[in-house]
Amino acid sequence: MATLWGKKRNSPQRGREHRGLPRVRPLPEGFYLGDPAAVARQLLGKLIVRKLDGQTLVGRIVETEAYLGKDDPASHSFPGLTARNSVMFGPPGRAYVYFIYGMHYCLNVSCEPDGVAGGVLFRALEPVSGLAEMAKLRGLPDGASPRLLTSGPGRLCQALGIVREGINGVDLTSPRSALYIGDDGFVPEGVMVTPRIGIRKASDLPLRFLISGNKFTSK
DNA sequence: GGAGCGATGTCCT
DNA sequence: GGACATCGCTCCG
């Protein structure tokens, strides 16, 4: 049994179970319509589902950061629309993947209505299933500490086989996508808010959200 | 276990 | 040409 840093809503409930596992409902586009801070907070506890080479990799979101469009110098969308950041300006619920420091990818989901920039960066997941494959993708020995798999924005992309090609712009609200986000009813018991990390500009704003006490958050 | 630092590609000035 | 929403390795305590 995986460690659960929270509790189930409405559980157990007949009809929601599937082969002993809670049913996962994709989050609709409307979920991402709000401002990035609200969406970042609400994404805690949700599941990221990655279908890759016939396998399904799943991680629970335990750490997020909000990046506003206008008035946020730290956001990629701050300088205005470019080829690189165009997904942030598009419809909500799409994957924005960018390449950073010459070797790492980072995954975001777009927020706000079409035409308005904003997004949420995924900073850490708690691995739920497919741990052996995640370790392989990370180049770690099978049985390596699960904390090394998805604790960090670059790590989680590597563990889920996320690159720009083929993933950037993907619709995260559709279970037919190779990558989508779902809700299994899990509700975090406590949430912490801190300033964002790893950035130089606007590093004082409290826009980083974590599940309190979770062991899989980043440093 | 923590501070320091090098690796490395892409985007925008 | 410089900055960069990172990571993992060293070296030191």
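Per chain, numbering begins at 1; letters A, B, ... match sequence-line order. Atoms considered below: every heavy atom in the structure, side chains included; atoms not considered: hydrogens, waters and symmetry mates. Worth saying up front: this structure is predicted, and the values here are computed from it rather than measured.
Applying the 4.0 Å criterion to OP1 and OP2 of C:dC7, one finds that A:H104 has every side-chain N and O outside that range. In terms of phosphate contacts, A:R200 brings no side-chain nitrogen or oxygen within less than 4.0 Å of OP1 or OP2 of C:dA3.
We find the CD1-OG1 distance between A:I181 and A:T173 to be 9.5 Å, quoted to the nearest 0.5 Å. Taking CG from A:L44 and CZ from A:F186, the interatomic distance works out to 10.0 Å, rounded to the nearest 0.5 Å. The CE atom of A:M88 sits 9.5 Å away from the OH atom of A:Y67 when rounded to the nearest 0.5 Å. How far CD1 of A:I167 is from OH of A:Y105: 11.0 Å, rounded to the nearest 0.5 Å.
Side-chain atoms of A:R155 and A:T150 form no donor-acceptor pair, as typed in the model, at a separation below 3.5 Å. Of the N and O atoms on the side chains of A:S218 and A:E63, at least one donor lies less than 3.5 Å from an acceptor on the other residue.
Counting any heavy atom pair closer than 4.0 Å across all strands shown, A:G102 reaches a base atom. Heavy atoms of A:R208 sit nowhere under 4.0 angstrom from any nucleic acid atom. As judged by a 4.0 angstrom heavy-atom cut-off over every strand, A:R155 is placed among residues touching the sugar-phosphate backbone only. At the heavy-atom level, A:K219 lies nowhere under 4.0 Å from the strands shown.
When the P atom of C:dA5 is taken as reference, atom OH of A:Y96 falls 9 Å away, rounded to whole Å. Straight-line distance from the OH atom of A:Y105 to the C1' atom of B:dG9: 9 Å, rounded to whole Å. Atom C1' of nucleotide C:dC7 and atom CG of A:L156 are separated by 13 Å, given to the nearest angstrom. A straight line from CG of A:L121 to C1' of C:dC4 spans 13 Å, rounded to a whole angstrom. Atom P of nucleotide C:dC9 and atom CG of A:L148 are separated by 10 Å, given to the nearest angstrom. As rounded to whole Å, 17 Å separates atom C1' of C:dA5 from atom CD of A:Q158. A:M88 places its CE atom 11 Å from the P atom of C:dA5, with the value rounded to the nearest Å. Per the geometry, CZ belonging to A:R196 stands 16 Å off C1' belonging to C:dT6, to the nearest Å.
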Can you pull every protein N or O that's under 3.5 Å from an N or O on nucleotides 10-13 of chain B?
{"unit_1": "B:dC11", "atom_1": "OP1", "unit_2": "A:R164", "atom_2": "NH2", "d": "3.4"}
{"unit_1": "B:dC12", "atom_1": "OP1", "unit_2": "A:T82", "atom_2": "OG1", "d": "2.5"}

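Using the Watson-Crick or G-U wobble rule with both distances under 3.5 Å, B:dA3 pairs with C:dT10. Base pairing of B:dT8 is not made with any nucleotide, judged by Watson-Crick or G-U wobble geometry with both donor-acceptor distances under 3.5 Å.
The side-chain tip of A:R164 does not point at the ring of A:Y96 from less than 6.0 angstrom away and within 45° of straight on.
If you check distances only, the side chain of A:Y101 never reaches the base of B:dA7 with a donor-acceptor pair under 3.5 Å.
The side chain of A:M103 approaches B:dT8 more closely than any other nucleotide in the set B:dT8, C:dA5, C:dC7. Here the nucleotide nearest the side chain of A:R138, chosen from C:dG8, C:dT6, B:dT8, is C:dG8.
Under the side chain to side chain contact (heavy atoms under 4.5 Å, CB included) test applied with A:L57, the options A:L149, A:L160, A:V128 reduce to a single match, A:L160.
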